[in-house]
Q: 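This is the structure, below, for whatever I ask next.
Letters A, B, ... are given to chains in the order of the sequence lines, protein chains preceding strands, and every chain is numbered from 1. These figures come from a predicted structure and were not determined experimentally.
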Amino acid sequence: MRAVPRHVAPLLALLLTCSAASAVAGQGQGQAQDPQPQAPRIRVSVDVVAVDVQVIDSTGRPVANLGPEKFSVTINGRRRRVVSAEQISSDGPAGAADGPSVPGTRISSAPERVIMIAVDCISFDTSAAHEVIQNVQQFLRRLEPDDYVGLSAYPNGAVVTPTTNHAEVLRALNTIVGQRDGPGLNRFHIRPSEIIDANRDLYAGGGATLEAVVRRECGLEPDPNCRYQLEAEITNSALYYEGQATASLGMLRSLVTQMQRYPGRKTLLLVSGGMIASDSPGGRPDLGGLGIQVGREAAAANTAIYTLYIDSTLHDRFGAETRNADRTVTNQLRDRAVLARWLEQFTGAAGGALFAVQLGNADAALARIQTELSSYYLLGVEPAEEDRNGRTHEVSVKVTQPNLTIRGRRWVMIPTRSTAAAAAEPVASPASAGKPPAAPPPPPRHTVPAEVTALADVFDRADAAGFEKALYGTDDLPNLLRGFRQSDSPWPENRRRTAVFALELAIAGLRSNNRDARDEGGRLLAEYGVRLREPGGADSFECWWFVTEASALVGMFSPENALLFIPRSLQRCPNEPRLRLAHAVVSEQQWLRGRTIAGQEADILNLYEQAIKFPETAVEARVRAARFLYGMGEFDRGVALLKEISTPAADLELRYLANLVRGQLLRGSGRHEEAAAAFRAALQAWPGAQSARVALMTLQVVRGNRDEAAALSEEVQVAAPDQYDPWWTYWLGDYRIYPAILGKLREMGR
Amino acid sequence: MRAATSSAVLLLATTVLMALPSGQAPPSAPQQQQAPTVFRTGADVVTVDASVQRERRPVTGLTAADFELLDNGVKQEVSDVTYEKLPIDVTLVLDVSASVTGAVLDELRRALRQVRTDLTAADRMRLLAFNMRVRRLVDFTQPSGDVDMALAALRPGGSSAVFDALAVSLASADAPGRRRLVVLFSDGQDSSSISDADALLEVARRSTPTVATILASPLLERPASVLRSSASLASATIEGLSDRLATETGGMVTTVKSGENLTSKFRRMVQDFRSSYVLFFTPNGVERAGPHTLEVRVKRPGVEVRARRGYVWR
């Protein structure tokens with residue numbers, strides 16, 4: 001049990017400036033043997049910077065009694081003097097490994113530990129998450145009662161600010177739900193490592209992995225459309241995972257930023273199932289330096305990082321997505337490597353420790369983490385004058401004793417002398433304030449690029465036209481989107497507003513002729529598709545966000561892109577009729593493009609049948625299914641489908657379209673008289689519509705009614721210039737009502 | 001230049017009023033001035049346009065005796081032949097969807113002004129423009145100044161209903177005693193038509209105009225949507241359909257790439273149509289009702305004949 005008060009050590013985590021002090025207190029005086037626990041103190045004659053490190057032996061046990069001379073510290077590669085080394089132990093002096101005390105070494109009881117547990121729910125499916133949570137709960141039960149423990153399950157899961165009420169954290173852990181995309185989203189069975197290697201091959205114009213995947217998925221003599229779809233899925237998956245990983249890292253980054261609010265040394269235990277990221281330079285999915293950047297920020301926040309990578313590749317090996325994929329052990333190992341890639345980057349940059357364990361076997365790793373957490377050294381390092389510039393510097397710590405492992409931050413911010421003096425003012429620790437760190441100082445200022453802020457201001461004015469003008473008039477759209485993705489939200493406290501803003505930016509990007517803007521738009525959609533996820537299931541806002549996204553994607557007539565997102569949205573909102581219909585429409589768009597493979601027509605009809613089950617979309621789905629059957633040459637079947645529409649649609653556009661399609665089907669089956677009547681009914685529903693006139697006109701030419709055909713031709717040629725025809729937007733699905741859909745979302749976001 | 005597989009034929013079935021310079025032999029060279037015409041009427045006369053070329057140059061001076069014409073495989077007597085005598089109605093059908101860029105549009109304006117200048121006083125020009133909407137900019141009867149104004153006002157935008165635009169132009173009323181040419185200019189992408197390939201071909205077979213197509217290469221980074229409206233993707237583009245239209249109507253197809261002279265392409269289309277023979281015959285020995293196949297030959301070596309492949313009796 002640790003003694004109190006222990007509030008000085010956190011202060012040492014900041015810069016120590018005690019210029020009036022004369023010497024390192026206690027140096028060579030065997031302070032570790034003081035009978036009473038004392039607050040750790042360092043008195044120095046020079047300005048020093050505090051660097052905390054853990055020194056452990058091969059079994060993970062902390063190593064005690066290392067003096068400053070045992071440490072070698074470099075800042076930006078230049079060696080600096082270690083003035084002092086103080087061992088801080090949660091178990092008190094007896095808790096550390098045995099060994100004699102040495103001059104310059106103090107063993108102090110640690111202040112209350114602040115341990116934040118972060119669970120990346122996107123990386124686990126439901127069953128995996130269950131096992132992970134059980135492991136974490138066991139870890140929590142083994143912590144000291146006065147440890148402050150917090151929890152952040154992202155995205156949008158349980159959040160508990162650091163507290164000694166461990167029961168609260170345990171309860172919160174029980175609410176965590178794995179939110180990884182479920183199976184059945186993709187047409188092909190591509191392993192994580194194959195996504196990376198095949199993307200590399202695509203970029204290079206071909207390669208062994210790509211060809212192997214094509215042979216496996218499409219056969220030895222592949223249908224060109226199968227190959228086309230496969231390549232699109234490979235490319236789009238990379239884009240999607242880039243967006244998803246950005247979401248994970250972004251939320252982790254927010255957490256790290258929040259941890260800056262707590263003084264002293266903190267520990268972040270990140271539990272993740274990994275994320276697909278390329279392990280080769282320039283490969284995709286490419287996270288750039290984001291993992292490293294967040295790791296650095298964690299280090300700068302004086303946060304020790306422990307990352308528990310729960311490897312579920314064995315578990316996934318027989319999952320629906322990969323059961324038909326290549327399942328050799330070699331590939332499994334490679335999958336594990338690419339899934340852990342960004343975790344390694346992040347943890348390495350933070351100077352932390354990564355433990356990779358199999359799903360269900362995390363106990364030993366967590367026990368070791370607990371052991372390692374029991375003690376650390378606080379080194380007083382004297383920086384050179386050139387280091388005192390208020391910037392972050394790379395720091396490296398080594399020990400002269402062999403076979404020991406150092407875990408420590410790789411980055412340290414060294415303030416200028418004037419800033420350092422100010423920083424030497426006492427800072428309240430959780431213990432010294434006498435209360436838990438539930439009400440910390442205000443968070444650091446959010447960083448939002450100027451162009452994003454300017455656009456956000458226009459967005460706030462609720463002037464839709466003005467906002468669209470500003471957005472689509474942006475000089476550098478890719479940069480705007482990138483800036484938004486890589487910075488904080490203009491509305492950090494308003495998640496919904498941020499999500500609406502993000503969607504509008506993403507759609508602008510996807511509509512752009514600029515490829516970079518389109519890629520950024522795709523990543524942004526993927527990112528916010530994840531950020532929206534509520535652990536308890538999608539709410540009405542989330543589902544409508546997806547409806548808005550889907551209607552915009554359908555309107556772009558880029559089915560391969562749309563099919564990346566809409567099935568995922570349906571997993572979140574399976575009972576959203578307009579999403580069901582959108583799924584069918586984009587699938588038909590793929591057919592219209594001539595990009596479907598054998599047998600896919602039945603899938604499309606099945607998707608329409610699912611939309612027919614919902615009253616809201618039943619009529620439209622019937623009309624569209626019937627039109628699809630017309631394209632397939634199945635006229636009688638299409639007519640029968642339309643007969644089942646019992647009452648005329650109240651929606652005049654829909655009534656018009658139903659009659660138009662009926663006319664086409666009847667004409668196709670040779671029932672010209674009835675076809676003409678259907679076209680006339682269409683014109684009655686939507687007077688002056690060009691397509692109904694043309695359909696009737698061509699029919700009358702065939703029937704020999706040249707005069708009527710000529711009259712209809714004349715009517716078309718001289719029609720009013722503002723005469724609208726709903727057929728013109730037929731293939732764009734709900735995009736015909738996109739302004740209304742978007743308007744509703746905007747209202748929900750305000 | 002794309003393969004111009006067949007025909008230039010004008011078909012006027014049924015009740016008939018023909019503008020035929022009676023008893024005149026075809027001139028030996030192209031003429032800019034129309035000779036005085038004598039109208040002869042008669043029931044059951046069918047007319048067929050035939051373009052006859054040797055090494056891509058018109059062959060002139062042919063008489064009825066030089067032609068052999070088969071209707072449903074049965075040899076027919078060509079009663080008369082005329083050459084460059086009938087006035088022409090040219091309908092220009094212009095794609096002004098978003099995929100037609102400003103530079104192409106400028107070139108298009110220049111080309112159309114030249115075409116108008118090339119027409120004789122008896123000829124007429126009509127201008128249709130389309131994106132998803134088909135609209136008439138200038139009718140046959142309007143003064144030529146209107147063409148300039150209409151061309152100046154053209155602004156590209158929207159999707160493309162090329163099949164519908166062609167169908168509308170083909171279905172419009174015939175003017176007696178005049179030959180009809182429809183010249184389509186498009187980038188070949190259809191995304192908004194209600195008509196599919198089969199419907200358009202049906203209209204083409206049952207109509208009199210000859211269809212000539214100028215296909216512009218798409219210039220945008222992302223070309224406009226190509227949609228199929230039936231199980232065959234090939235029928236989704238006018239590019240895929242243009243050869244069949246040319247075959248059915250006796251027209252031709254050409255492509256124009258960025259930087260190529262669009263004006264010369266248009267002039268060639270109109271000139272080629274003008275320098276066609278018009279053959280007159282009354283079907284004998286065949287059932288008149290329903291569809292007929294046609295085959296036109298010339299009894300001279302080394303010539304290429306383009307003529308409509310069929311007609312529908314009505």
Q: Quick check on the structure: residues of residues 689-706 of chain A within a heavy-atom distance below 4.5 Å of chain B, by number.
A: Gln690(A), Ser691(A), Val694(A), Ala695(A), Met697(A), Thr698(A), Val701(A), Val702(A), Arg706(A)
Q: Using a 4.5 Å cut-off on heavy atoms from C-beta on, say whether the side chain of Val168(B) contacts that of Gln717(A).
A: yes
Q: Atom CZ in Arg667(A), atom CG in Asp198(B): separation rounded to 0.5 Å?
A: 9.0 Å
Q: Roughly how far, to the nearest 0.5 Å, is CH2 of Trp727(A) from OG of Ser193(B)?
A: 9.5 Å
Q: Partners of Glu202(B) by side-chain hydrogen bond (donor to acceptor under 3.5 Å, both in side chains), sequence neighbours excluded?
A: Arg205(B), Arg206(B)
Q: Who among Asp707(A), Val716(A), Thr729(A) has the most heavy-atom pairs with chain B under 4.5 Å?
A: Val716(A)
Q: Are there more than 12 heavy atoms of other residues, nucleotides or ligands under 6.0 Å from atom CD of Glu468(A)?
A: yes
Q: Can you check whether Pro721(A)'s main-chain N or O pairs, donor with acceptor, with Arg135(B)'s side chain at less than 3.5 Å?
A: no
Q: Report the distance from atom OG of Ser172(B) to atom CD of Glu714(A), rounding to the nearest 0.5 Å.
A: 8.0 Å
Q: Run the side-chain contact (heavy atoms from CB on, under 4.5 Å) check on Arg136(B) and Val718(A) step by step: do they pass?
A: CA-CA 6 Å; Arg136(B) 186 167 68 210; Val718(A) 300; 3.2 Å; yes
Q: Going by salt bridge (Lys or Arg N to Asp or Glu O under 4.0 Å), name the pairs with one or both residues in residues 152-170 of chain B, residues two or more places apart or in two chains.
A: none
Q: Among all residues two or more places apart in sequence or in another chain, which pass the salt bridge (charged side-chain N to carboxylate O under 4.0 Å, His left out) test with Asp148(B)?
A: Arg113(B), Arg116(B)
Q: Which heavy-atom pair separates Ala710(A) from Ala173(B) by the least distance, and what is that distance?
A: CB-N, 3.7 Å
Q: Pick one of side chain, backbone, both or neither for Leu170(B), based on which atoms fall under 4.5 Å of a heavy atom in chain A.
A: backbone
Q: State the CG-OG distance between Leu732(A) and Ser191(B), to the nearest 0.5 angstrom.
A: 8.5 Å
Q: Which atoms of Leu712(A) come close to chain B, meaning under 4.5 Å heavy atom to heavy atom: side chain ones, backbone ones, both, or neither?
A: neither
